[in-house]
Amino acid sequence: MADIQTYPTVKRQISLPNDIETIPQLNEFIDTVAEEIGLDMPLTMSLNLALEEAVVNVMEYAYPPGSKETLQIEMGSDGEQLTFIISDHGVPFDPTKQAEADTTLSVEERAIGGLGIHLVRQIMDVISYERIDGFNVLTLKKKLLTT
């Protein structure tokens, strides 16, 4: 019987201003936690892509242009699953309600938008949204262990 890799339990968080110039800080945060947990490079790269898509959408659409706001990204691992929670107090928006992108259409035929959430859906195992006390709370989960 093969050994099942176990991962350490961790919990970290970062606050970022709603400025896409700070995305390298998000990537560094994810890379550091991934290294601490012992994730492989392909999974780390996928997580970076999914989180970057979700966070950039918040930065671009949650607040009026020019406003100086922050968003919180919490990351936790229980050893079997990674959980990322993105919180902001911007305009209410539930990305999980967005229609699936029709990737069978050509670029010219496809409606603008929707590919970011499509990508996040492809990478993450669970995506959920809640509006809690004036905050958008987007939760993304990725299983670390396969059965």
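- Both L49 and V58 are members of a single hydrophobic cluster when ILVMFWY side chains are connected at heavy-atom separations under 4.5 Å.
- Hydrophobic clustering, with ILVMFWY side chains joined whenever heavy atoms are under 4.5 angstrom apart, keeps M45 apart from M75.
- A single hydrophobic cluster is seen to contain both L43 and V33, as judged by linkage of ILVMFWY side chains at heavy-atom distances under 4.5 Å, directly or through other members.
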Side chains of residues 81-91: which donor-acceptor pairs under 3.5 Å do they make with residues two or more places apart or in other chains?
from : atom 1 : to   : atom 2 : distance (Å)
D88  : OD1    : G90  : N      : 2.9
D88  : OD1    : N136 : ND2    : 2.8
H89  : NE2    : E69  : OE1    : 2.9

Decide yes or no on side-chain contact (heavy atoms from CB on, under 4.5 Å) for I23 and N27, but give the supporting numbers first.
CA-CA 6 Å; I23 289 299; N27 299 138; 3.5 Å; yes
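- R121 contributes atom CZ, which lies 7.0 Å from atom OG1 of T96 (distance to the nearest 0.5 angstrom).
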Evaluation steps, side-chain contact (heavy atoms from CB on, under 4.5 Å), between L138 and I127:
CA-CA 7 Å; L138 182 65; I127 302 171; 3.9 Å; yes
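- V120 and A50 get closest at one heavy-atom pair: CG2-O, 3.5 Å.
- Between the CG atom in D40 and the OG atom in S46 there is a gap of 8.5 Å [rounded to 0.5 Å].
- In terms of modelled atom types and a separation under 3.5 Å, the side chain of K142 and the main chain of I123 share a donor-acceptor contact.
- Residues I117 and P95 share a closest heavy-atom pair of CG1-O, 3.7 Å.
- The environment of E28 atom CD is sparse: at most 12 non-hydrogen atoms of other residues, nucleotides or ligands sit within 6.0 angstrom.
- Closest heavy-atom contact between T139 and K141: CG2-CE, 3.9 Å.
- I20 and Y61 end up in different hydrophobic clusters when Ile, Leu, Val, Met, Phe, Trp and Tyr side chains are linked at under 4.5 Å.
- Atoms CE and NZ, on M124 and K143 in that order, are 11.5 Å from each other to the nearest 0.5 Å.
- Atom CD of E60 has more than 12 heavy atoms from other residues, nucleotides or ligands within 6.0 Å.
- Distance check: I30 CD1 to N48 CG gives 4.5 Å after rounding to the nearest 0.5 Å.
- Annotation for F93 and Y129: closest pair O-CE1, 2.9 Å, computed over non-hydrogen atoms.
- The hydrophobic cluster containing L144 also contains V10, counting ILVMFWY residues as joined when their side-chain heavy atoms lie under 4.5 angstrom apart, directly or transitively.
- The structure places CD1 of I73 at 15.0 Å from CZ of R12, a figure rounded to the nearest 0.5 Å.
- Closest non-hydrogen pair, M59 versus P17, comes out as CE-O, 3.2 Å.
- When all heavy atoms of I37 and S77 are compared, the closest pair comes out as CD1-CB, 3.9 Å.
- Between the CE atom in M41 and the CG atom in D31 there is a gap of 6.5 Å [rounded to 0.5 Å].
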